[in-house]
Amino acid sequence: QKEVEQNSGPLSVPEGAIASLNCTYSDRVSQSFFWYRQYSGKSPELIMSIYSNGDKEDGRFTAQLNKASQYVSLLIRDSQPSDSATYLCAVKFGTGGFKTIFGAGTRLFVKA
Amino acid sequence: GAVVSQHPSRVICKSGTSVKIECRSLDFQATTMFWYRQFPKQSLMLMATSNEGSKATYEQGVEKDKFLINHASLTLSTLTVTSAHPEDSSFYICSAIRDMNTEAFFGQGTRLTVV
């Protein structure tokens, strides 16, 4: 079983819509969760980090974490064509652990 | 956010030669650095975890004698791909963390092509 799972997509949404990206993970001890955005040929850039259950909002982005369900999501409101990229879910495993494992990524296309 | 610089950004080498990739944390001391490899349209695969002054911890299936990692200081880690072959052609990315409670910052990545 993969440690971090994402739907590879592609996910296609019209400009202005809400894009919803989902991620599940296998380690119940995980404490830290991240969403990265990666454009083709570039390295990932951090969008959001979330550490406790609930929602965390930053501009048009909202991260949601549910540790009981081992589920983390990212909502992008008012999607723009420039949001078109691959979104990577990352989980830092284990209490005090350093290892960060990435999901396969979800490709998002925002149509103008 | 913190700055991690990776060099070179692109390298082409002949089969059988070795290539060294540098990863530097420019404005913070990185207790731990990570090396990832990414093949086209695939996710980042963790190769190894590098702590300053100690041997790197390699993920299962990664050959430590082929991918030599040196973390000589709190701001520099190097990955040397030895006796490179065309199947080693990939996008190699490093990341660094300040401490166990912070997020990782990525270098720009190195596109390695072995011909």
So what's closer than 4.5 Å to chain A heavy atoms on B/L44: side chain, backbone, both or neither?
-> both
Spatial distance of atom OG (A/S8) from atom CD (B/Q42) [nearest 0.5 Å] | 11.5 Å
Verify, without hydrogens or angle tests, whether B/S43 (side chain) and A/G105 (backbone) share a donor-acceptor contact under 3.5 angstrom.
-> no
Sequence neighbours left out, what passes ring pair (Phe, Tyr, Trp, His ring centres under 6.0 Å) with A/Y36? Give chain and number order.
-> A/F102, B/F106
Any idea which heavy atoms bring A/S43 and B/G109 closest together, and the distance?
-> CB-N, 4.3 Å
For A/S52, which residues count as a side chain to side chain contact (heavy atoms under 4.5 Å, CB included) partner, sequence neighbours excluded?
-> none
Counting only heavy atoms closer than 4.5 Å, note whether B/Q38 contacts chain A via side chain, backbone, both or neither.
-> side chain
Would the number of heavy atoms belonging to other residues, nucleotides or ligands and lying under 6.0 Å from NZ of B/K20 be above 12?
-> no
Highest number of heavy-atom pairs under 4.5 Å with chain B among A/A90, A/S49, A/G41 belongs to A/G41
State whether the number of non-hydrogen atoms from other residues, nucleotides or ligands found under 6.0 Å of B/K66 atom NZ is greater than 12.
-> yes
A/Q38 versus B/F91, closest heavy-atom pair with distance | NE2-CE2, 4.3 Å
When you look at NZ of A/K42, are more than 12 heavy atoms from neighbouring residues, nucleotides or ligands closer to it than 6.0 Å?
-> no
Mind listing the closest non-hydrogen atom pair of A/I101 and B/L46 along with its distance?
-> CD1-CD2, 4.2 Å
